[in-house]
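Residues take their numbers from the sequence shown, with the count starting at 1. Since the model is a prediction, treat every value here as computed from it, not as a measurement.
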Amino acid sequence: MCGILAVLGVADVSLAKRARIIELSRRLRHRGPDWSGLHCHQDCYLAHQRLAIVDPTSGDQPLYNEDKSIVVTVNGEIYNHEELKAKLTNHQFQTGSDCEVIAHLYEEYGEEFMDMLDGMFSFVLLDTRDKTFIAARDAIGICPLYMGWGLDGSVWFSSEMKALSDDCERFITFPPGHLYSSKTGALRRWYNPPWFSESIPSTPYNALLLREMFEKSVIKRLMSDVPFGVLLSGGLDSSLVASVASRHLEETKGASPWGNKLHTFCIGLKGSPDLKAAREVADYLNTVHHEFHFTVQEGIDALEEVIYHIETYDVTTIRASTPMFLMSRKIKSLGVKMVLSGEGSDEIFGGYLYFHKAPNKKEFHEETCRKIKALHLYDCLRANKATSAWGVEARVPFLDKSFINVAMDIDPEWKMIRRDLGRIEKWVIRNAFDDEKRPYLPKHILYRQKEQFSDGVGYSWIDGLKDHASQHVSDSMMMNACFVYPENTPTTKEGYYYRMIFEKVFPKPAARSTVPGGPSVACSTAKAVEWDAAWSKNLDPSGRAALGVHDAAYEDTPGEAPAAIDPVTHNSLRPAIGEGLVKPVA
């Protein structure tokens with residue numbers, strides 16, 4: 001991941017303004033510590049902080065077309081850049097960067113090239129011939145982007161909020177799958193897949209096609225000129241990514257930087273479910289496995305830094321970001337710059353445990369659509385910012401455009417949880433990789449119950465966070481929360497504690513408006529809370545809040561939050577680690 005900052009149409013073009021933009025760009029240097037670039041054209045500035053993964057020697061940014069009349073600063077990866085370059089036969093490329101193709105595509109097709117890009121990206125492009133510019137973000141919002149407006153009439157774009165929040169009067173999260181054009185002064189959605197309308201598909205389930213599309217998605221993301229690995233929690237999604245990557249590593253360009261064996265990484269509290277499962281998967285796949293441990297106190301000590309980097313006060317995002325943030329630091333210390341991760345599967349296939357209560361296939365499908373549309377505010381934000389805080393890039397194969405199109409075109413009746421038919425959550429993807437002749441994974445891993453990352457690193461992690469928050473937020477503070485925080489009012493002491501930290505770092509009203517709100521149970525949208533009346537009494541984003549579904553669920557205590565810590569011994573009340581793994585139905 002790189003960091004981009006673009007400021008266009010500033011009133012002040014003095015050296016002091018240039019120095020200010022350089023200073024703000026440095027706030028993104030954690031995203032791209034390898035090189036800094038700045039292009040100035042009259043009252044327009046395009047800055048870049050580079051993390052060199054493809055073509056480390058010559059791909060510094062900003063990038064240009066042949067006569068440098070088109071300038072682009074890009075964060076991301078274009079996986080089909082070689083295919084696109086082959087079509088642009090009358091263009092001369094100056095670097096080996098996968099992102100340079102954007103400048104030439106614009107020169108050839110104007111603004112109508114977005115659907116040609118296969119990758120994750122956010123970019124700002126300046127056409128110096130008429131001083132117009134465009135900004136765009138990838139289909140799902142894997143790469144972050146913010147847009148702001150200065151009092152002097154300037155328009156700002158940045159990979160992270162922290163680089164523009166001080167200098168913009170107002171700013172927003174740039175919506176995924178959209179393009180902004182200075183010619184119209186408006187945003188328009190360029191990504192219009194069939195599933196976006198939320199109409200119910202009727203295509204029969206094709207296990208072999210689903211498997212083939214996912215394998216292609218993983219293979220294209222092995223494009224790298226630097227050492228990389230896979231984040232392996234031991235759950236279904238990350239284990240499938242690791243399995244496919246290990247099978248195809250030798251045939252890809254990604255095999256050479258760090259040997260021909262795949263490296264995998266996992267973090268958790270000592271004895272946590274994820275550590276045990278990840279170790280087993282790593283042994284099965286014969287990977288070079290790196291296991292990291294953290295304590296609850298180490299996680300708590302990192303909270304302020306985590307919130308500064310991930311730029312949210314959403315409870316479940318902070319819970320999951322903290323161990324990922326700590327793990328990314330360890331990964332970077334090994335010289336690794338890129339990792340593959342398993343985000344997106346739960347949204348596409350209805351993997352969260354609350355989907356067990358979906359009343360019918362229509363509501364099931366509509367909820368998956370809502371979840372995918374909101375990924376940029378939750379899991380994509382976490383995966384990107386928690387890793388890029390230490391100069392590590394996370395790639396997410398499940399969020400490949402072509403794979404999503406196939407997966408979301410399946411009749412949702414096949415995705416419904418049907419215990420009577422032996423179908424647990426995400427059965428369609430589990431079954432697609434259930435190969436008896438050449439197994440991808442051990443059966444009990446392939447059919448392991450969904451465990452949210454913030455739970456799987458160790459249940460006492462969340463219990464410890466709640467206990468810590470209760471020591472810093474009083475009952476009277478909670479009683480007056482609606483007056484102190486009238487927008488997205490915190491409903492728990494943990495949420496109030498995170499909000500205090502966030503407001504200290506990002507005090508402007510525009511900042512708090514970039515964070516979503518509303519009731520949620522086990523990561524559901526507000527709409528899905530209606531599926532079970534009991535959930536409204538137990539609004540917690542942990543998977544254990546899916547009462548009657550998760551094998552280590554909270555006890556249902558009406559009218560109050562679940563008691564996760566024994567008030568006398570202060571020990572966790574969760575069951576023993578290892579209980580509750582779902583076995584495949586014969």
N-O pairing of [X] and [Y] below 4.0 Å:
X      : Y      : value
Glu366 : Lys362 : yes
Glu160 : Lys385 : no
Asp467 : Lys493 : no
Asp463 : Lys466 : no
Arg221 : Glu77  : no
Arg319 : Glu494 : yes
Asp138 : Lys401 : no
Asp346 : Lys371 : no
Asp400 : Lys216 : no
Arg211 : Glu215 : no

- line: The ring-ring contact (aromatic ring centres under 6.0 Å, His included) partner of Phe502 among Tyr497, Tyr308, Tyr313 is Tyr313
In the structure I gave you, are the side-chain heavy atoms of [X] and [Y] within less than 4.5 Å of one another anywhere?
X      : Y      : value
His468 : His472 : yes
His309 : Val306 : no
Leu240 : Leu441 : yes
Trp427 : Lys415 : no
Ile200 : Pro412 : yes

Ring center gap for [X] and [Y] short of 6.0 angstrom:
X      : Y      : answer
Phe433 : Tyr440 : yes
His178 : Tyr191 : no
Phe214 : Phe403 : yes
Phe294 : Trp461 : yes

Hydrogens and angles aside, do [X] and [Y] bring a side-chain donor and acceptor to less than 3.5 Å of each other?
X      : Y      : answer
Tyr205 : Asn431 : yes
Thr387 : Glu393 : no
Ser341 : Glu343 : yes

- request: Mark yes when over 12 heavy atoms from residues, nucleotides or ligands other than Arg247 sit less than 6.0 Å from its CZ; otherwise mark no.
  value: yes
query: Parallel under 30°, tilted from 30 to 60°, perpendicular over 60°: which one fits the rings of Phe355 and Tyr352?
result: parallel
Over-ring placement of Lys373 relative to Phe196, 6.0 Å and 45° cut-offs: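 Output yes; distance and angle both within limits.
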- prompt: How long is the span from the CG atom in Leu269 to the CG atom in Leu275, to the nearest 0.5 Å?
  reply: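 So the CG of Leu269 and the CG of Leu275 are separated by 8.0 Å.
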query: How many angstroms lie between atom OG of Ser321 and atom OH of Tyr378, to the nearest 0.5 angstrom?
result: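 Atom-to-atom, Ser321:OG and Tyr378:OH are 13.0 Å apart.
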